[in-house]
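Some notes on the structure that comes next.
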Amino acid sequence: MSTASEGATTRILGVATVIDGDTLELGPVHIRLHGIDAPEAGQTCAYAGGGSWQCGTAATNRLAELVEGRDVMCEARDRDAYGRIIARCTVNELDVGSMLVEEGLAWAYVRYSSDYADREAAAKAARLGIWQGEAEAPWDYRRNKWNRAAAESPRHGCPIKGNITRDGERIYHTPWSPWYSRTRIDESAGERWFCDEAEALAAGWRPARWH
């Protein structure tokens, strides 16, 4: 991984590891893709003719197809509340965030940017991916999962599970993690609960990866 500054823009270059449908790691740097919000790893969406599909897994796998094993260039735009870099990322000049929205595998995150609103409108009109049937917006999905888990957690309001693997790796699981319900926390073994992702990252835990 390398970084370079050009004027006011910081560019981060390297080979990416995919965490989920809108989050990458370039070496030690956690990057949230600018302007999009993909369905979470455990999230399902409706097919047009009935039934459901694993839209969160599909988004994660598609992002992996676009970036893994390739040189990725990310232009930093901001930093989010969890310390992650918000960046527009490209592979061979292809904007991967734009591609996910165009294919109906992510929402344009218009709360923060309207850059991909026109691409979302086109995907919606064509009923691609998430737009073929009913789909809960990921920000609503996260809020609902968070509220239920926060009310039930031993540390009220702090539902993130900080797990330690057999190999000693420290991994945290948010309430929307597919493995959340199966993860047990043993505080006597050094595992712990966190109130937000920034706290978990600062303590040395990394997010679970879904690919």
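Atoms considered below: every heavy atom in the structure, side chains included; atoms not considered: hydrogens, waters and symmetry mates.
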- Output yes when a side-chain donor or acceptor of Asp196 lies under 3.5 Å from a complementary backbone atom of Ala198, and no otherwise. yes
- Task: Scan residues 174-207 for pairs that pass ring pair (Phe, Tyr, Trp, His ring centres under 6.0 Å), counting only residues two or more places apart or in two chains.
- Result: Trp179-Trp210, Phe194-Trp205
- Item | Residue that, paired with Arg32, satisfies salt bridge (Lys or Arg N to Asp or Glu O under 4.0 Å) out of Asp78, Asp20, Asp37 | Asp37
- Do the non-hydrogen side-chain atoms of Arg142 and Lys145 ever get within less than 4.5 Å of each other? no
- Message: Distance alone, cut at 3.5 Å: any donor-acceptor contact between the side chains of Tyr116 and Asp95?
- Response: yes
- Query: Is there side-chain contact between Pro207 and Thr23, with heavy atoms separated by less than 4.5 Å?
  - Reply: no
- Query: Is a donor on one side and an acceptor on the other found under 3.5 Å between the side chain of Arg84 and the backbone of Ala81?
  - Reply: no
- Query: Is the number of heavy atoms from other residues, nucleotides or ligands within 6.0 Å of CG (Asp80) greater than 12?
  - Reply: yes
- Message: Between Leu105 and Leu63, does the side-chain contact (heavy atoms from CB on, under 4.5 Å) criterion hold? Intermediate values first, please.
- Response: CA-CA 9 Å; Leu105 291 173; Leu63 181 58; over 6 Å; no
- Message: Test your reading of the model: is there a side-chain donor-acceptor pair from Glu103 to the backbone of Leu100, 3.5 Å cut-off?
- Response: no
- Query: What residues form a ring-ring contact (aromatic ring centres under 6.0 Å, His included) with Tyr82, not counting sequence neighbours?
  - Reply: none
- Message: Within the 4.5 Å heavy-atom criterion, are Leu26 and Cys74 side-chain neighbours or not?
- Response: yes
- Query: Is there any side chain to side chain donor-acceptor pair (under 3.5 Å) pair reaching into residues 152-165, and which pairs are they, with sequence neighbours excluded?
  - Reply: Asn163-Glu191
- Query: Are any side-chain N or O atoms of Gln132 and backbone N or O atoms of Ala48, one a donor and one an acceptor, separated by less than 3.5 Å?
  - Reply: yes
- Message: For Ala38, is there any backbone N or O sitting under 3.5 Å from a side-chain donor or acceptor partner on Asp22?
- Response: yes
